[in-house]
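Order of the sequence lines sets the chain letters (A, B, ...), proteins ahead of strands, with each chain counted from 1.
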2 protein chains.
Amino acid sequence: MPARIEDVATHAGASIKTVSRVLNGLPSVRPKLRARIEASIRALNYIPNPSARSLAGNRSYLIALLYDNPTAGSNYIMELIVGVLMACKNTPYHAVLHPFESSDDPVAAIDGFVARHRPEAVILVPPHANNVELLQRLDQLDIRYSTISSKSGRTCLDVGFDERKAAAEIVRHLVELGHRRIGHITGLKGHGARTWRLNGYRDALHDAGIDFDASLVVEGDFTFASGIAGAKQLLDLPKAPTAIFAGNDDMACATVREAYERKLSVPGDLSVCGFDDTPAALLMSPELTTAHQPCRAMGRLAVEHVLNSIGSPVIRKKVQVPYRVQQRDSTAEPKSR
Amino acid sequence: MPARIEDVATHAGASIKTVSRVLNGLPSVRPKLRARIEASIRALNYIPNPSARSLAGNRSYLIALLYDNPTAGSNYIMELIVGVLMACKNTPYHAVLHPFESSDDPVAAIDGFVARHRPEAVILVPPHANNVELLQRLDQLDIRYSTISSKSGRTCLDVGFDERKAAAEIVRHLVELGHRRIGHITGLKGHGARTWRLNGYRDALHDAGIDFDASLVVEGDFTFASGIAGAKQLLDLPKAPTAIFAGNDDMACATVREAYERKLSVPGDLSVCGFDDTPAALLMSPELTTAHQPCRAMGRLAVEHVLNSIGSPVIRKKVQVPYRVQQRDSTAEPKSR
DNA sequence: GTCAAATGTTCCAGCGCTGTCATTTCGCGA
DNA sequence: TCGCGAAATGACAGCGCTGGAACATTTGAC
């Protein structure tokens, strides 16, 4: 049987309540007693019983991670999870994963989930992070949350990185290589990522004094299939682009595939870049030039910030983590300049 | 304030204890009363307080998923997690993820984890699933566990699929295309996957009446880098193979890369197949022929079986799920036959 | 119709901790 | 040295549920 708080109290010659104070980092314990109690805790290898703690304190010590049901290869979520778990490690909090379809009624899903687990904090990933109704419901329930890369302004606390600047940096890299006709396959409408990356693309063109050509921007939805369609559309253009900036890595892979189908070499005949730096970016041949999305850091920060905000009034702020553009082998000078 | 068990009892005109029996599926409640109580539960939208339940019943309702700290792109774990979460959905159990380095002292790590969370069941993924010391410790602690694809015979309950047969099927596919010189890049020593896949390779050669040629089998460790090294070694052979069966998809991707470096076309000059069917297999050009590893199903089954075994004596059995060989575009007839 | 066995129900204590509030101790100035 | 207010400490109830024992009711055999 593991040690209980009572055992620690006896061992340290203090009262249960005082031990509790030490455990919870409350003030009003003299340093000397505190040290003695801490020693007893270590000596007895005492670990508070989480259930008893939750019950008595009416707290769950739970952080929920809400994300869309991953279809396949959601490396993004996996990395985020790693970051979240790492951040929880040295806290009494513990993460509960809750994947759920954005197609279901999200507010009802939240209500059910909250009733069941009573999380003290929630972390939301797009698309849920963009769902204003959902965020409002959480505010109503007085549950602190932080979002990852939310495009919604009303978010309580958002962690992300400057996707617009990263996209611009990628496109600038293409411009510097000598490309003038640069295509873009966009992400899915409604996602912040779509807008930011598209805007970054436009920024870079503008900075380089290249006129925006609407025919060089085609609609995608972040899937491989949409990348194929987008690449076809761009490469069928009377004056095809010499480089394509795809809105994410999957669509970039699709673009490479379509280029190969047309016997175009990458990067010889066509430069391709993606966005996200998924593991596939390194497995591809050639390795994909892309922007590295710092998922682990974002997960970690989301946890740290949201835990800080528990018990405090709602703060609204945006936190940005550094990103990195990975120049690899899928981009090169255009053949004819 | 949410409803408590007492409210349900009052509402249904029964005692608290009887409601508790209904909640826990215990016998000794007349169908009529049971139905009335169930109606009250729904009417009041009652959900038992998990902390109170755990505290009073001295149970945690926790299933731990132990895995190695994923370096990157661990789609395998992600899919497993999805399966595990799905299986927990309609049980009172809830999953705790615990990634930890296999290089640390695993037994100490387990002891710490168990002390903190007191999981009622544990699911282990390789390499931890192969760690006999770890499994013994869990037996000592009287914690039921199930393993995924463990190569250890002493495992309590293992969920996997017939990797040997799957590998043989892949190699047979190459043989049927007309290949006679088929190379193999192995997995990391110590992993069951390495042995099973290698044995499957040998089985298929044997069945086809092709003599085993040790020079066609080179050491890999499941990483991309080792795949490059392995492919180099095989393609440098005086009589290079016309097809390479890599021990996993990452090494297959590396083989494709190395082929491209040498201006060999895939599958024209060299057929390549992998194993696992990671998302990258579909993003590659050409799409990779590979064996689909049914991770979700394995995660789900592991949960279901291990939950059944809680409270019962240890059962030792192996459960196998169906796999699927995905024939795609990275394999074709050899050029010269 | 009777009685014992079987089935179903109620009562009560207590799981291990925290919150409230009463009590003790301390530090400091007079 | 004493007295006082503030800080430190402790006693106790109770969080919501389950387990076991005691009690009540039903069932079935004769």
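The side chain to side chain contact (heavy atoms under 4.5 Å, CB included) with L65(B) is formed by just one residue from the set V125(B), I148(B), V122(B), V96(B); it is V125(B).
We find that CD of E6(B) is positioned 9 Å from P of dG16(D), with the value rounded to whole Å. For the pair K17(B) NZ and dA24(D) P, the computed distance is 18 Å after rounding to whole Å. The distance from atom CD1 of I5(B) to atom P of dC12(C) is 17 Å, rounded to the nearest whole Å. Atom-to-atom, CG of D7(B) to P of dC15(D) comes out at 12 Å; the value is rounded to the nearest Å. Rounded to a whole Å, the CZ atom of R34(B) is 9 Å from the P atom of dG8(C). For the pair L26(A) CG and dG10(D) P, the interatomic distance rounds to 15 Å; values are reported in whole Å. Following rounding to the nearest Å, I37(B) (CD1) and dG8(C) (P) show an atom-to-atom distance of 13 Å. I16(B) has its CD1 atom 11 Å from the P atom of dG16(D), to the nearest Å.
Relative to the side chain of Y46(B), the nucleotides dT18(C), dC17(D), dG19(D) differ in distance, and dC17(D) lies closest. For T18(B), the side-chain atoms get nearest to dT10(C) when compared with the rest of dT18(C), dT10(C), dC17(D). Side-chain proximity of S15(B) to the nucleotides dT9(D), dT18(C), dT9(C) is greatest for dT9(C). When each of dC15(C), dG10(D), dT10(C) is scored by its nearest atom to the side-chain atoms of L55(B), the top-ranked nucleotide is dC15(C). Of the listed nucleotides (dG16(D), dT18(C), dG16(C)), dT18(C) has the atom at the smallest distance from the side chain of S20(A). In the set dA8(D), dT20(C), dC17(D), dC17(D) carries the atom at the smallest distance from any side-chain atom of N49(B).
Rounded to 10 degrees, the angle separating the terminal axes of the helix from dG1(C)-dC30(D) to dA30(C)-dT1(D) is 30°, with each axis obtained from five end pairs.
When all heavy atoms of F113(A) and L66(A) are compared, the pair lying nearest together is CE2-CD1, 4.3 Å.
For H94(B) and H94(A), the distance between ring centers is under 6.0 angstrom.
Taking side-chain N and O atoms only, R30(A) has no distance below 4.0 Å to OP1 or OP2 of dA8(D). At dT18(D), one or more side-chain N or O atoms of N24(B) fall inside 4.0 Å of OP1 or OP2 (strictly under the cut-off). In terms of phosphate contacts, R53(A) brings no side-chain nitrogen or oxygen within less than 4.0 Å of OP1 or OP2 of dG16(C).
Among the heavy atoms of the strands, none lies under 4.0 Å from N58(B). Using a 4.0 Å heavy-atom distance criterion, P48(A) is classed as a sugar-phosphate-only contact.
With hydrogens and angles ignored, the 3.5 Å screen pairs no side-chain donor or acceptor of R144(A) with any backbone N or O of V306(A). Side-chain atoms of S54(B) come within 3.5 Å of backbone atoms of R59(B) as a donor-acceptor pair (strictly under, hydrogens ignored).
With no hydrogens or angles considered, no side-chain donor-acceptor pair links N58(B) and R118(B) at under 3.5 Å.
Residue-to-nucleotide proximity on DNA chain C shows that, of A52(B) and L33(B), the 5′-proximal contact is made by L33(B). Each of A14(B) and I47(A) has a nearest nucleotide on DNA chain C; the 5'-most of these lies closest to A14(B).
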_side chain to side chain contact (heavy atoms under 4.5 Å, CB included) between N131(B) and L124(B), worked out_ = CA-CA 10 Å; N131(B) 187 324; L124(B) 298 121; over 6 Å; no

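Put simply, the side chain of R21(A) and the base of dG10(D) share a donor and an acceptor less than 3.5 Å apart.
At a threshold of 4.5 Å between non-hydrogen side-chain atoms, the residues E304(B) and L301(B) count as touching.
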